Engineer: 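Pasting in a structure now, in structure tokens, and then I'll have a few things to ask.
Quantities reported herein were computed from a predicted structural model and do not represent experimental measurements. Protein chains get the first letters and strands the later ones, always in sequence-line order, with residue 1 at the start of each.
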Amino acid sequence: MTVLPLPEFDLRLTLLSGQVFHWQEDGAGWRGVIGRTAVRVEQMAGELMVTPGAEKIVSRYFALDHPLDQIYATFPDDEFSRGALAACRGLRVIRQPRWECLATFITSAMKQVSHIRAMSLALRARFGDPIEGSDVAAYPEPERLARVTEAKLRTCGLGFRAPNLRATAIAVAKGSVDLEAIAGMETDRAREELCKLPGVGRKIANCVLLFAYERLDAVPVDVWIARVVRAMRGDGRLPDLEDYSREHFGAYAGYVQQYLFHHARISKTLPARSK
DNA sequence: ACCCAGGGGCAAG
DNA sequence: CTTGCCCATGGG
């Protein structure tokens, strides 16, 4: 293991915040796969122990270059955002490989974080390429998933998401949607492109834009964020929740959203059923 | 036995 | 343009 000096960072918080779903706890550290590279990371005080040779990949993946101080300075000044920031300091919005992020969030629809994780690990184990030095396989490429039957995908617990994952894998494999080309597009057009894929609507497209395309102002609105924004607004009439979030959360709205999401989920103080 | 989960898509109003 | 309903599965 080599040592990486660290800016403000909380590895555990970052890995448990519902952006990525395959990392496994290993003693005081974590084992995972970044693309096709097996990695072990362990956080000490002010530094990160990293598998030798993976330093660059790791610092890019965990976005250690994001200027957290500047980002925090843009957070809105209300009790919810302040509370989320106090609870989640050091959480970073990471940079994930595009396809595995897209595919994973297609399987995330109406699923709890723990189960998204189970599906992701099952898909990797059954269809992914084994990675030397890792007991977690690479996420299966679109070309591979395109050749898997819907019935086999269902054995990984995908349920009604199975045909969507399969159809999206086929579309990406044959190039009708080009995931690399999307990186060069302005955000609204990039979102439009992603939404052409079966099983991808606004929420999942925004997850992919935020976690795989460095669009730190993209705001995925799920049931938790909906609750938080409603609580922020009181009983007044509701605007479009995504518009409201982008306008009030600032230039790094996606970061604010991620902190609010994770804080709400771990503290569970919000009413589940309020409309 | 319920209720809920990082939704999407399509029909109907 | 909005709302209602179904899609399948596991956990609390």
Side-chain angles (χ1 to χ4, degrees), chain A residues 13-23 80 84 88 91-94 96 100-123 126 149-169 171 177 191-213 215-216 218-231 237-246 249 253-275:
Chain A
L13 196 54
T14 299
L15 290 179
L16 294 179
S17 68
Q19 337 176 35
V20 65
F21 304 91
H22 75 277
W23 288 80
F80 297 90
C88 301
L91 194 172
R92 285 174 185 266
V93 170
I94 73 174
Q96 296 185 48
E100 79 178 57
C101 181
L102 169 62
T104 302
F105 276 97
I106 285 174
T107 67
S108 78
M110 290 305 292
K111 276 295 183 188
Q112 291 177 161
V113 169
S114 64
H115 196 231
I116 301 168
R117 177 183 166 78
M119 290 184 290
S120 165
L121 290 171
L123 286 167
R126 283 179 200 254
T149 63
E150 181 183 326
K152 289 211 172 190
L153 291 178
R154 282 176 185 269
T155 66
C156 297
L158 293 194
F160 63 82
R161 306 154 194 83
N164 289 335
L165 180 59
R166 181 173 148 74
T168 290
V177 169
R191 187 186 296 106
E192 257 181 71
E193 266 317 281
L194 289 168
C195 284
K196 288 179 182 170
L197 295 163
V200 181
R202 241 193 128 82
K203 189 271 172 181
I204 289 176
N206 282 331
C207 285
V208 177
L209 288 169
L210 179 60
F211 301 134
Y213 286 94
R215 310 304 163 102
L216 299 182
V219 180
V221 178
D222 74 325
V223 291
W224 291 97
I225 291 301
R227 276 174 212 153
V228 174
V229 174
R230 286 185 195 121
R237 205 166 287 98
L238 296 169
D240 179 90
L241 298 178
E242 189 186 335
D243 289 343
Y244 177 86
S245 305
R246 267 203 323 276
F249 293 175
Y255 249 95
V256 177
Q257 170 278 151
Q258 191 61 18
Y259 279 56
L260 291 171
F261 167 78
H262 190 60
H263 182 49
R265 230 169 52 81
I266 60 184
S267 54
K268 292 189 177 175
T269 55
L270 294 163
R273 270 264 169 191
S274 74
K275 264 212 153 181

Engineer: Round to a whole Å and report the spacing from CG of Asn164(A) to P of dC10(B).
Structural biologist: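 These atoms are roughly 10 Å apart.
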Engineer: What integer distance in Å separates Leu165(A):CG from dG9(B):C1'?
Structural biologist: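 It works out to 17 Å between those atoms.
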Engineer: Would you please determine if the base of dG6(B) is stacked by Phe261(A), with stacking meaning a centroid separation under 5.5 angstrom and planes under 30 degrees?
Structural biologist: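 Here the ring of Phe261(A) and the base of dG6(B) are stacked, with centres under 5.5 Å and planes under 30°.
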Engineer: Tell me which nucleotide among dG6(B), dG10(C), dA8(C) gets nearest to the side chain of His115(A).
Structural biologist: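 Per side-chain heavy atoms of His115(A), the pick is dG10(C).
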Engineer: Without decimals, in angstroms, what is the distance between Leu197(A) CG and dG8(B) C1'?
Structural biologist: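 Taking CG of Leu197(A) and C1' of dG8(B), I get 13 Å after rounding.
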Engineer: Remember a base hit wins even if backbone is also touched, and classify Gly18(A) as base, sugar-phosphate or nothing at under 4.0 Å, heavy atoms.
Structural biologist: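 Gly18(A): base contact, heavy atoms under 4.0 Å.
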Engineer: Give me the distance, rounded to whole Å, that separates dC5(C) from dG6(B) when you measure between the P atoms they each carry.
Structural biologist: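 So the two P atoms sit 23 Å from each other.
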Engineer: Once the angle between the rings of Phe105(A) and Phe211(A) is folded into 0 to 90°, is it parallel (under 30°), tilted (30 to 60°) or perpendicular (over 60°)?
Structural biologist: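 Answer is parallel, since the angle falls under 30°.
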Engineer: For a 4.5 angstrom cut-off between non-hydrogen side-chain atoms, does Gln257(A) reach Ser245(A)?
Structural biologist: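 No, their side chains stay 4.5 Å or more apart.
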Engineer: Take the protein atom CD1 of Ile204(A) and the nucleotide atom P of dG8(B), then report the distance between them rounded to whole Å.
Structural biologist: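 To the nearest whole Å, that distance equals 4 Å.
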Engineer: What is the distance, rounded to the nearest whole Å, between atom CZ of Phe105(A) and atom P of dG8(B)?
Structural biologist: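 Atom-to-atom, Phe105(A) to dG8(B), this comes out as 12 Å.
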Engineer: Base, sugar-phosphate or nothing for Arg161(A)? Non-hydrogen atoms, less than 4.0 Å.
Structural biologist: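 It contacts base atoms.
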Engineer: Do Gln258(A) and Tyr255(A) have side chains that get closer than 4.5 Å, going by heavy atoms?
Structural biologist: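 Contact flag for Gln258(A)/Tyr255(A) side chains = no.
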Engineer: Can you give me the closest heavy-atom contact between Thr104(A) and Thr107(A), atom names plus distance?
Structural biologist: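 The pair with the smallest heavy-atom distance is O-OG1, 2.6 Å.
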Engineer: When the distance from CD1 of Ile106(A) to P of dC7(C) is rounded to whole Å, what number comes out?
Structural biologist: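 Taking atom P of dC7(C) as the reference, CD1 of Ile106(A) is at 21 Å.
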Engineer: Send over the distance from Lys196(A) NZ to dG8(B) P, rounded to a whole Å.
Structural biologist: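 Rounded to whole Å, this separation is 17 Å.
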Engineer: Is any side-chain N of the basic residue among Arg246(A) and Glu242(A) closer than 4.0 Å to the acidic one's carboxylate O?
Structural biologist: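 The answer is yes: the pair qualifies as a salt bridge.
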Engineer: Indicate, with a heavy-atom threshold strictly under 4.0 Å, whether Ser17(A) touches base, sugar-phosphate, or nothing.
Structural biologist: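 Base, at least one base atom sits under 4.0 Å.
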Engineer: In whole Å, I'd like the distance from the CZ atom of Arg154(A) to the P atom of dC7(C).
Structural biologist: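 Going from Arg154(A) (CZ) to dC7(C) (P), I get 11 Å.
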Engineer: Ignoring the backbone of Phe160(A), work out which of dG6(B), dT9(C), dG7(B) is nearest its side chain.
Structural biologist: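 Between dG6(B), dT9(C), dG7(B), the one nearest the side chain of Phe160(A) would be dG7(B).
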Engineer: Assign Leu158(A) to base, sugar-phosphate, or nothing according to its heavy-atom contacts below 4.0 angstrom with the strands shown.
Structural biologist: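 Touches nothing.
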Engineer: Scan every strand shown for a Watson-Crick or G-U wobble partner of dC6(C), both distances under 3.5 Å, and answer none if you come up empty.
Structural biologist: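 Across any shown strand, dC6(C) pairs with dG8(B).
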Engineer: Quick check for you: among dG7(B), dG10(C), dG6(B), whose closest atom lies nearest to any side-chain atom of Met110(A)?
Structural biologist: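 My answer, after comparing the listed nucleotides, is dG7(B).
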Engineer: Considering heavy-atom distances to DNA chain C, does Gln112(A) or Gly159(A) have its closest nucleotide positioned more toward the 5' end?
Structural biologist: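 With Gln112(A) and Gly159(A) compared, the 5'-side residue is Gly159(A).
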Engineer: Does Val200(A) reach a base, just sugar-phosphate, or nothing at all? Heavy atoms under 4.0 Å.
Structural biologist: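 Sugar-phosphate only.
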